[in-house]
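In this chain, numbering begins with 1 at the start of the sequence shown. Bear in mind that the values here come from a model prediction, so they are computed numbers and not experimental data. Quick note: numbers below take in every heavy atom, side chains included, and nothing from hydrogens, waters or symmetry partners.
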Amino acid sequence: MRVDKHVVGRKLSIIDPSLKGFNYAQHLRFLQISTEDFSFAKYLPRSPEGIETYGKLSFEELERAHAINGLHAISMGLHDRLCRLMQSGLSAPDGHELVDLLAHLKLSIYRK
């Protein structure tokens, strides 16, 4: 079942893996370097659709989250708790203000 029925027949500005003959590596590459103490991940856009996908799906945020989780155990615990609280806030009828605050806190961790 397609979750994007409303876009059938239209060209998307991001990559569409459901297209016949789709090759992910034509649009994005994934680089991961890891040791016992460190893990780094980077998505490398290779096409206009890959660049749009990288931006619109917040791949930079995924890279930062991966770096935080792979570098510092205390930051990883805080990051994990913030993500879980954001999920629970989204399910609460009046939780959007809490989610906005937690998202701001999470982004401030990424920028430090």
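Using bins of under 30°, 30° to 60° and over 60° for the plane-to-plane angle, the ring pair Phe22/Tyr24 lands in the perpendicular bin.
The number of heavy atoms from other shown groups lying within 6.0 Å of CD (Glu97) does not exceed 12.
To the nearest 0.5 Å, atom CG of residue Asp100 and atom CE of residue Met86 are 8.5 Å apart.
A continuous path of Ile, Leu, Val, Met, Phe, Trp and Tyr side chains, each step under 4.5 Å between heavy atoms, connects Leu102 with Val99, placing both in one hydrophobic cluster. By the rule that hydrophobic residues join a cluster once side-chain heavy atoms approach within less than 4.5 Å of another member, Ile51 and Leu44 end up as members of separate clusters.
Under the side chain to side chain contact (heavy atoms under 4.5 Å, CB included) rule, Glu49 has a single partner from Ile15, Leu28, Asp16, which is Ile15.
Checking side-chain atoms of Glu63 against main-chain N and O of Tyr43 turns up a donor-acceptor pair under 3.5 Å.
Of all non-hydrogen atoms in Gln26 and Arg46, the two that sit nearest each other are O-CB, 3.7 Å.
No side-chain heavy atom of His66 sits under 4.5 Å from any side-chain heavy atom of Phe40.
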